[in-house]
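First up is the structure itself, then whatever we jot down about it.
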Protein chains: 2
Amino acid sequence: MPNNGSLTANLRKSRPSDVRAALLDAATQLIEAQTDDKVSLRACARLAGVSHAAPAHYFPTRAALISAVLAHAFDKLTEAMIAARDAAGDDPFDRLKGTGRAYVAFGLAHPALYTMMFRPTYLQVPDGEMAEAGGRCGAVLGEAVAATPRPGGLTVAAGMAMAWTTVHGFVGLVSNGLVLLDEDPMTTAERILEQQRTAFSG
Amino acid sequence: MPNNGSLTANLRKSRPSDVRAALLDAATQLIEAQTDDKVSLRACARLAGVSHAAPAHYFPTRAALISAVLAHAFDKLTEAMIAARDAAGDDPFDRLKGTGRAYVAFGLAHPALYTMMFRPTYLQVPDGEMAEAGGRCGAVLGEAVAATPRPGGLTVAAGMAMAWTTVHGFVGLVSNGLVLLDEDPMTTAERILEQQRTAFSG
DNA sequence: CCCCTTTGCTTGACAGTGTCAAGCTGATAA
DNA sequence: TTATCAGCTTGACACTGTCAAGCAAAGGGG
C-alpha cells in the first residue's frame, strides 16, 4: 500500500515542544483528511516531526492514540450538545431537539471522526478514557429523553434508542452520500426531528 | 501488526476448482469474523488455498475484491426486503414496515458486512458493480416510501431519508453495542418502526 | 566537579501488508 | 510436435505496527 504522499506540506522541521499534543493534532488532521483508518502511526510521527517510534512513548499502541483523539472529540460533542440544549428554552422536546441538532451538526462537520467514534468494535480493546467520554456524551442525550413525556408507552431505554437512532442514522446516511437531499441537510434534519414531537410530547 | 493466526483451521490443502468463488467465500468469512478491515488479501489467499498474488488475477485491487463481496451482500439484502414487503399485505405502511424489518434483521445478522456496505467512502474509488447493487437495494426502499401518503408535507426524498435513517441508525447503534436494550432488539425495532405510522399514513 | 540514573527520543530490526514484475506449468491450438 | 497462452507462483518493493537497543541531555548525590 504505497503512500500517495499528500498532506506532507506542513511537516515540522524541528522537534515540537509538546510531542504528545503534536501527535494528537497530527492524528486528528490525518483522520479528518483521509476519511478512513489509513492514518498510520508513522504518518502521524512524520507530520508531528518526530521519529517513527516516538508515538510508542506516549501511546502504547496505535489504538491508544486513536482512542485519545476520539475521547477528545467526544468531549467536544458533549459540550456542543449541552450548549444547544441550554439555548433551546424550557420545553422538554425543544431541549431534546436542540441536543439532536447539535449532534447532527457535529457529525456532518466531522464525518470521519464521527464514524470512528461510533464504531468502537473497530478498536479491538475498549479504551477507558474513550468509554468515559462516550458515556458522558450519551448521558446528555439520556437526560434529555428522560425529561420528556413519552405517551406512546416507550420506556426511557426505547425512547433513547429511538431518538439516538434518528440522529445517528441521519448523519451516517448523509455524510456517506447515500441519500440525495434537495435542500440543506440541516433543514431536512430539522424536519425529521420535528416529526418526533408527537412521540415525545404529553 | 502480527497475525493472531486464528481461523486458519479450515485452510484448503489443494487448489480449489473455482478460485474466484473460493476467494469471495474466504473474504466473506474473514469480514464476518474480524469485524473490521483487517481482512487482508493474503489472508484470503491463504484461506482459499492459493498463493498470495493469486487474487490479483481476479480482482485488480483489494478494494475490488471487497466490493464484489459487498455487491453480493447487497443483492441478498434486496431479496430479503422484497420478500418481506410482499408478505406484509396491502397497506402501504405495513409494506414499508416489512421492508424496514427485513433491513434491520439483515443488519443485525451481518454487522461487519453491513458496516462496510454502507460506508462506501472507505473504498476510495466507487465500484460500478457495487453501486448498481446498492442502487437496486435503495430503489426497493424508495418505492415503498413513494407508495405511502405523507401528510406531514414530506417530499419523497425527505420521507426516504426519514425511513432509512430510522433503520440505518438502529442497526448501527445496536450492532455496535452502543445502546442497551431490555428486550429483543427486533421487538424494539418493531416499536420504533410503528412510531412512524402517523407520519406515513393518510 | 564527576558519575550515575532516568527521561525522551532515535535507530534498527522483524513480521506483516498491497501491488508489481517476472517466471513456471499445463492445456489447448496449429 | 511445437507454439501460445491463461492461470497461478515466486520474488521483490515500499509501506505498516511493534519491539529492543542505544544515545543524548538533564538532574541529583557524593
Side-chain angles (χ1 to χ4, degrees), chain A residues 1-8 11-27 30-31 33-69 116 122-125 127, chain B residues 1-8 11-27 30-31 33-69 116 122-125 127:
Chain A
M1 202 190 300
N3 196 2
N4 56 9
S6 71
L7 203 133
T8 52
L11 278 175
R12 282 165 201 264
K13 310 195 166 40
S14 62
R15 231 188 280 151
S17 57
D18 185 344
V19 174
R20 199 188 129 98
L23 285 170
L24 286 173
D25 188 59
L30 286 171
I31 290 175
Q34 312 228 145
T35 308
D36 67 270
D37 48 351
K38 281 219 177 67
V39 39
S40 72
L41 272 179
R42 290 167 108 111
C44 293
R46 278 193 295 269
L47 199 55
V50 292
S51 77
H52 74 261
H57 244 258
Y58 299 94
F59 308 97
T61 182
R62 191 190 104 110
L65 169 55
I66 307 274
S67 291
V69 170
M116 301 182 81
Y122 141 95
L123 301 168
Q124 312 291 49
V125 175
D127 177 78
Chain B
M1 201 190 300
N3 196 2
N4 55 10
S6 72
L7 203 132
T8 52
L11 276 176
R12 283 166 201 263
K13 319 230 163 17
S14 62
R15 227 188 285 150
S17 58
D18 186 343
V19 174
R20 198 189 130 98
L23 285 170
L24 286 173
D25 188 59
L30 286 171
I31 291 175
Q34 312 227 148
T35 308
D36 68 87
D37 49 349
K38 280 218 177 68
V39 39
S40 71
L41 272 179
R42 289 166 108 110
C44 293
R46 278 193 295 270
L47 199 56
V50 291
S51 77
H52 73 260
H57 243 260
Y58 299 94
F59 308 98
T61 182
R62 192 191 103 110
L65 169 56
I66 307 275
S67 290
V69 170
M116 300 181 82
Y122 141 95
L123 301 168
Q124 313 290 47
V125 175
D127 176 79

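Just so it is clear, the structure is predicted and the values come from calculations on it, not from any experiment. Below, all heavy atoms of this structure are taken into account, side chains as well, without hydrogens, waters or symmetry copies. Every chain is numbered from 1, with letters handed out A, B, ... down the list of sequences.
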Per A:Ser40 side chain, nearest of listed nucleotides D:dT16, C:dG18, D:dG7: D:dT16
A:Thr61 side chain, from C-beta outward: closest of C:dT19, D:dT9, D:dT18: D:dT18
Mind calculating the distance between [atom1] ([X]) and [atom2] ([N]) to the nearest angstrom?
{"X": "A:His57", "N": "D:dC19", "atom1": "NE2", "atom2": "P", "answer": "13 Å"}
{"X": "B:Leu23", "N": "D:dG7", "atom1": "CG", "atom2": "P", "answer": "13 Å"}
{"X": "A:Leu41", "N": "D:dC19", "atom1": "CG", "atom2": "C1'", "answer": "13 Å"}
{"X": "A:Leu65", "N": "D:dT18", "atom1": "CG", "atom2": "C1'", "answer": "14 Å"}
{"X": "A:Arg62", "N": "D:dC15", "atom1": "CZ", "atom2": "P", "answer": "17 Å"}
{"X": "B:Leu30", "N": "C:dG18", "atom1": "CG", "atom2": "P", "answer": "11 Å"}
{"X": "B:Arg46", "N": "C:dT17", "atom1": "CZ", "atom2": "P", "answer": "5 Å"}
{"X": "B:Phe59", "N": "D:dG7", "atom1": "CZ", "atom2": "P", "answer": "13 Å"}

Under the side chain to side chain contact (heavy atoms under 4.5 Å, CB included) test, residues paired with A:Leu24 that sit two or more places apart: A:Arg20, A:Phe59, A:Leu65, A:Ala68, A:Val69
Partner residues of B:Ala54 under the side chain to side chain contact (heavy atoms under 4.5 Å, CB included) criterion, sequence neighbours left out: B:Val50, B:Ser51
If you compare all heavy atoms of [X] against all heavy atoms of [Y], which two are closest, and at what distance to 0.1 Å?
{"X": "A:Val39", "Y": "A:Cys44", "result": "CG2-SG, 3.7 Å"}
{"X": "B:Pro55", "Y": "B:Leu41", "result": "CB-CD2, 3.8 Å"}
{"X": "B:Ala48", "Y": "B:Leu23", "result": "CB-CD2, 3.9 Å"}

Steps toward side chain to side chain contact (heavy atoms under 4.5 Å, CB included) verdict (A:Met116, A:Ile66): CA-CA 9 Å; A:Met116 301 182 81; A:Ile66 307 274; 3.7 Å; yes
Nucleotides 11-14 of chain C: which of its N/O atoms have a protein N/O under 3.5 Å away?
{"residue": "C:dG12", "atom": "O6", "partner": "A:His52", "partner atom": "NE2", "Å": "2.9"}

